[in-house]
Amino acid sequence: MENIEIKRRLQALREEMKKEGMDYYLIPTADFHNSEYVGDYFKVREYFSGFTGSNGTLLIWQEGAGLWTDGRYFIQAERELEGTGIDLFRMAEEGVPDIPTFLESSMQKGQTLGFDGRIVTAKEGERLARGLSSKNITFACEKDLAGIVWKERPALSCKPLRLLPISLAGMEVREKLHMVREAVGKEKASGLLFTKLDELMWLLNVRGSDIACNPVALSYGYLNESRMFFFVQEDALDEAAREYFKSQEITVLPYDEISRFLAKETKEDIVLLDSCQCSYSLYKKIQSAAKGIVEGISPAEALKAVKNPVELDNIEKIYLQDSAAVTKFIYWLKKNIGKEKLTEISAAAYLDDLRSKIPGYLELSFPTISAYRENAAMMHYEATPENYKELNAEGMLLVDSGGQYLGGTTDVTRTIVLGAVSKEIKCQYTAATAGMLRLSRARFLYGCSGRNLDILAREPLWKMGIDYKCGTGHGIGYILNVHEGPQSIRWRFAQGAKEAVLEEGMLVSDEPGVYIEGSHGIRIENILVVKKDVKNESGQFMRFENLTYVPIDLEAIDVTAMTEEDRIALNEYHSQVYEKISPYLNAEEKEWLKEVTRRI
């Protein structure tokens with residue numbers, strides 16, 4: 001069916017492109033800070049394409065349009081782009097060009113490429129410039145054409161800042177500033193530009209709510225050898241916040257002053273910045289103003305990823321309560337399926353309500369994914385009032401969910417049996433479970449990254465000729481973004497992608513899965529914390545410790561498809577689940593948990 005509204009919007013944008021002499025126009029999924037998730041003001045790509053996934057880039061030209069997205073969203077994007085006239089480019093698939101390659105082959109000499117330089121990264125902008133240099137392509141990156149066409153565009157979010165007490169932060173701001181300055185000095189730099197929002201929130205012991213599910217405030221920061229500057233919207237500051245920053249000797253300036261500040265105040269500085277995060281516009285501003293540039297990763301990223309003892313203590317406590325809420329949800333679902341009308345939406349709402357009752361609850365860490373049967377094959381599916389499934393006493397429901405608390409950020413997935421499932425599905429479920437448990441029980445030498453360990457989770461599925469088109473694990477923030485770098489667990493790294501050593505105190509997810517289009521999806525996710533293990537003549541060994549304690553559905557386990565070691569691992573995990581979670585349950589729930597964590 002033709003999507004007339006999206007076609008109308010694209011046509012209006014093309015008319016503006018003609019006025020400005022632009023032949024192609026690029027719209028990434030980004031805000032001024034290259035955030036993974038963005039506020040409503042920045043959902044420009046969604047407005048012009050209808051694609052609602054969290055990752056994707058839209059390219060428009062007079063004769064057509066294309067959307068590039070990754071394997072998590074292939075099925076969803078295909079559905080949402082239907083009738084729009086936008087072609088889907090499946091990233092990282094054989095024969096599919098990336099955007100720079102597409103532009104190099106498509107653009108004619110002397111043409112103009114337009115984009116908003118504030119939402120395209122410096123790395124991407126420079127790569128485009130290099131690739132298109134032989135064609136004498138002009139960049140038009142000063143105008144936000146999308147903002148002209150989008151008449152009813154929401155306002156830029158501006159919510160009050162929240163100050164974190166030391167009982168939650170675990171480390172004073174002055175100590176963090178000292179650590180960051182030392183690291184900047186080692187890079188032979190004298191200044192550091194902060195554009196990533198979670199890094200600034202961590203550094204200054206504050207949180208915001210300008211992006212749904214992400215406790216961050218729209219802001220920039222600049223650190224030199226003697227001062228720290230914080231650029232934030234004035235309405236986000238109350239009197240307590242102003243006094244706090246004054247006490248920390250942090251200079252607060254208006255959010256929209258960052259460009260002028262960099263042009264004026266960096267002339268004597270060698271500035272360390274991450275071209276993968278810094279916008280093309282700010283990069284060019286610093287390039288023309290500063291004494292020099294050192295390209296590298298902000299030291300705050302690695303420092304933030306290693307949780308301090310106070311943070312870890314709070315995290316362990318909140319994960320138990322969060323795990324108990326998910327366990328209660330599974331019990332409720334199993335008890336009521338087939339007895340009352342339940343839908344993907346009502347099931348998610350029940351779980352969300354359980355979380356909201358946990359002390360210190362702030363909001364969800366992402367919109368709950370409640371995906372029944374074939375909908376679960378879309379990794380980041382989200383039911384809506386216009387599009388959802390009713391749950392029946394058959395098949396499986398995949399629920400991926402998490403919460404933001406004053407004490408931590410959680411993320412957990414369970415695929416729950418609601419009725420009869422085939423032997424083939426049970427074999428796949430068992431393989432995914434085995435992979436999750438094998439990774440969680442890994443022992444490895446210090447110096448390993450997630451690339452070294454990914455095969456542990458993936459091997460049982462690879463043996464069946466099945467793969468999942470995403471990484472196995474991501475870092476987790478602390479009262480911050482549910483996806484955090486630099487650590488990850490994946491076997492494939494794109495050129496230039498970051499690969500980090502797994503350090504003690506880092507959190508990672510462990511979430512192998514199976515996604516069969518038109519049939520079903522399976523994902524089982526625990527969160528792990530990296531710990532030191534024994535140290536001997538071979539070196540320092542490391543291990544993982546579970547933070548998540550939620551039962552795995554034995555109704556989908558085929559014991560005959562398990563190795564003896566995997567069976568023992570599942571029994572040991574379930575023994576821990578019962579020990580740690582049963583104190584949070586009532587008598588009926590506790591009896592049920594005892595049965596569903598029985599030894600097999």
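Bear in mind that the values here come from a model prediction, so they are computed numbers and not experimental data.
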Novice: Can you see whether His474 engages Gln487 through a side-chain donor-acceptor pair at a distance of less than 3.5 angstrom?
Specialist: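 There is no such pair between these side chains.
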Novice: Not counting sequence neighbours, list each pair that qualifies as a ring-ring contact (aromatic ring centres under 6.0 Å, His included) and has a residue in residues 227-250.
Specialist: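 The answer is Phe229-Phe261, Phe230-Phe245, Phe231-Phe261.
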Novice: Excluding sequence neighbours, so at least two apart, what forms ring pair (Phe, Tyr, Trp, His ring centres under 6.0 Å) with Tyr283?
Specialist: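 Expected list: none.
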Novice: Any salt bridge between Glu484 and Lys304, counting N to O under 4.0 Å?
Specialist: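 Salt bridge: yes.
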Novice: Not counting sequence neighbours, which residues clear side chain to side chain contact (heavy atoms under 4.5 Å, CB included) with Val44? List them please.
Specialist: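 By the side chain to side chain contact (heavy atoms under 4.5 Å, CB included) rule, Val44 matches Ile27, Phe48, Ala146, Trp150, Arg153.
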Novice: Among Leu103, Asp87, Ile86, find the residue that satisfies the side-chain contact (heavy atoms from CB on, under 4.5 Å) test when tested with Leu59.
Specialist: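 Going through the options one by one, the only one that passes is Leu103.
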Novice: Hey, could you give me each pair passing ring-ring contact (aromatic ring centres under 6.0 Å, His included) that has a residue in residues 176-210? Not counting sequence neighbours.
Specialist: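 Every candidate ring-ring contact (aromatic ring centres under 6.0 Å, His included) pair involving residues 176-210 fails, so no pair, neighbours aside, qualifies.
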Novice: Applying side-chain hydrogen bond (donor to acceptor under 3.5 Å, both in side chains), which residue pairs with at least one partner in residues 11-23 are found, sequence neighbours left out?
Specialist: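 Every side-chain hydrogen bond (donor to acceptor under 3.5 Å, both in side chains) pair that includes a residue of residues 11-23, provided the two are not neighbours, is Glu16-Lys19, Glu20-Lys143.
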Novice: Answer with yes or no whether the side chains of Thr368 and Asp352 bring together a donor and an acceptor at under 3.5 Å.
Specialist: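 Yes, Thr368 and Asp352 have a side-chain donor paired with an acceptor closer than 3.5 Å.
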Novice: With a 3.5 Å distance limit and no angle check, can you tell me whether Ser49 reaches the backbone of Phe51 through a side-chain donor-acceptor pair?
Specialist: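 Side chain of Ser49 to backbone of Phe51, a donor-acceptor pair under 3.5 Å: yes, one is there.
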Novice: Please check: side-chain N/O of Tyr478 versus main-chain N/O of Leu168, any donor-acceptor pairing under 3.5 Å?
Specialist: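 Looks like yes, one N/O pair under 3.5 Å.
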Novice: Charged N to carboxylate O below 4.0 Å: is that the case for Asp238 and Arg162?
Specialist: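 Salt bridge absent between Asp238 and Arg162.
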Novice: Could I get the full list of ring pair (Phe, Tyr, Trp, His ring centres under 6.0 Å) partners for Tyr405, not counting sequence neighbours?
Specialist: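 Per chain and number, Tyr405 pairs via ring pair (Phe, Tyr, Trp, His ring centres under 6.0 Å) with Tyr361.
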Novice: For residues Gln277 and Ser298, is any side-chain donor paired with an opposing acceptor at under 3.5 Å?
Specialist: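 Short answer, no.
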Novice: Once side chain to side chain contact (heavy atoms under 4.5 Å, CB included) is applied, do any residues pair with Pro309, and if so which ones, sequence neighbours excluded?
Specialist: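 Result, side chain to side chain contact (heavy atoms under 4.5 Å, CB included) vs Pro309: none returned.
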Novice: Is a donor on one side and an acceptor on the other found under 3.5 Å between the side chain of Arg127 and the backbone of Pro100?
Specialist: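 No.
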Novice: If you measure from CD1 on Ile318 to CG on Asp313, what distance do you get to the nearest 0.5 Å?
Specialist: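 Atom-to-atom, Ile318:CD1 and Asp313:CG are 11.5 Å apart.
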Novice: Checking the side chain of Asn314 only, and the main-chain atoms of Val310 only, is there a donor and an acceptor separated by less than 3.5 Å?
Specialist: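 Yes; at least one donor-acceptor contact below 3.5 Å.
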Novice: According to the side-chain hydrogen bond (donor to acceptor under 3.5 Å, both in side chains) rule, which pairs have a member within residues 206-215, sequence neighbours left out?
Specialist: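 Applying side-chain hydrogen bond (donor to acceptor under 3.5 Å, both in side chains) to every pair that reaches into residues 206-215, excluding sequence neighbours, yields Ser157-Asp210.
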Novice: Is the shortest side-chain heavy-atom distance between Asn481 and Ser35 below 4.5 Å?
Specialist: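 Not touching, per the 4.5 Å side-chain cut-off.
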Novice: Side chain to side chain contact (heavy atoms under 4.5 Å, CB included) with Lys188: which residues, sequence neighbours excluded?
Specialist: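 None.
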Novice: Taking the side chain as everything from C-beta on, heavy atoms only, tell me whether Met201 gets closer than 4.5 Å to Ser219.
Specialist: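 Sidechains of Ser219 and Met201: in contact.
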Novice: Within the 4.5 Å heavy-atom criterion, are Ile270 and Ile293 side-chain neighbours or not?
Specialist: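 They are not in side-chain contact.
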Novice: Are Asn387 and Thr384 linked by a side-chain donor-acceptor pair shorter than 3.5 Å?
Specialist: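 No, no side-chain donor-acceptor contact under 3.5 Å.
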Novice: Distance only, no hydrogens: is a donor on one side chain within 3.5 Å (strictly under) of an acceptor on the other, for Ser449 and Glu499?
Specialist: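 Yes, because at least one side-chain N or O of Ser449 sits under 3.5 Å from a partner of the opposite role on Glu499.
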Novice: Test side-chain contact (heavy atoms from CB on, under 4.5 Å) on Arg242 and Val252; report intermediate values, then the result.
Specialist: CA-CA 8 Å; Arg242 293 179 190 278; Val252 177; 5.6 Å; no
Novice: Would you mind listing every salt bridge (charged side-chain N to carboxylate O under 4.0 Å, His left out) that reaches into residues 40-62, with sequence neighbours excluded?
Specialist: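 Sorted pair list: Asp40-Lys43.
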Novice: Check the pair Glu126 / Lys284 against side-chain contact (heavy atoms from CB on, under 4.5 Å), numbers first and verdict last.
Specialist: CA-CA 10 Å; Glu126 291 293 280; Lys284 286 298 183 182; 3.4 Å; yes
Novice: Can you find a pair of side-chain heavy atoms, one from Phe42 and one from Phe32, that are under 4.5 Å apart?
Specialist: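 Yes, side chains in contact.
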Novice: Name all pairs fulfilling the salt bridge (charged side-chain N to carboxylate O under 4.0 Å, His left out) condition that reach into residues 256-277, sequence neighbours left out, sorted by first residue then second.
Specialist: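 Counting only pairs at least two positions apart or across chains, the salt bridge (charged side-chain N to carboxylate O under 4.0 Å, His left out) contacts touching residues 256-277 are Glu257-Arg260, Asp274-Lys498.
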Novice: Take Leu237 and Leu161, measure what side-chain contact (heavy atoms from CB on, under 4.5 Å) needs, and give me the verdict at the end.
Specialist: CA-CA 6 Å; Leu237 301 168; Leu161 282 173; 3.6 Å; yes
Novice: Please check: side-chain N/O of Lys135 versus main-chain N/O of Met107, any donor-acceptor pairing under 3.5 Å?
Specialist: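 Between the backbone of Met107 and the side chain of Lys135 there is a qualifying donor-acceptor contact (under 3.5 Å).
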Novice: Ignoring hydrogens and geometry, is there a side-chain-to-backbone donor-acceptor pair from Gln404 to Cys213 under 3.5 Å?
Specialist: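 Judged by distance alone, yes, a pair lies under 3.5 Å.
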Novice: Side chains of Ser54 and Tyr73: any donor to acceptor distance under 3.5 Å?
Specialist: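 Yes, a side-chain donor-acceptor pair sits under 3.5 Å.
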Novice: Quick check: do Val412 and Thr410 have side-chain heavy atoms less than 4.5 Å from each other?
Specialist: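 In short, these two side chains do not touch, never coming nearer than 4.5 Å.
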Novice: Evaluate side-chain contact (heavy atoms from CB on, under 4.5 Å) for Leu193 paired with Leu262, printing each intermediate quantity in order.
Specialist: CA-CA 9 Å; Leu193 174 66; Leu262 293 174; 4.2 Å; yes
Novice: Would you say Ile358 and Ser356 make side-chain contact, with heavy atoms under 4.5 Å?
Specialist: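 They are not in side-chain contact.
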Novice: Could you name each residue pair satisfying salt bridge (charged side-chain N to carboxylate O under 4.0 Å, His left out) that touches residues 214-235, not counting sequence neighbours?
Specialist: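 Found none.
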Novice: Within the distance-only criterion (no hydrogens, no angle test), does the side chain of Tyr47 pair as donor or acceptor with the backbone N or O of Arg9 below 3.5 angstrom?
Specialist: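 Checked: no pair found.
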Novice: Within the structure provided, determine whether Phe89 and Ile99 are in side-chain contact (heavy-atom separation under 4.5 Å).
Specialist: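 Not in contact.
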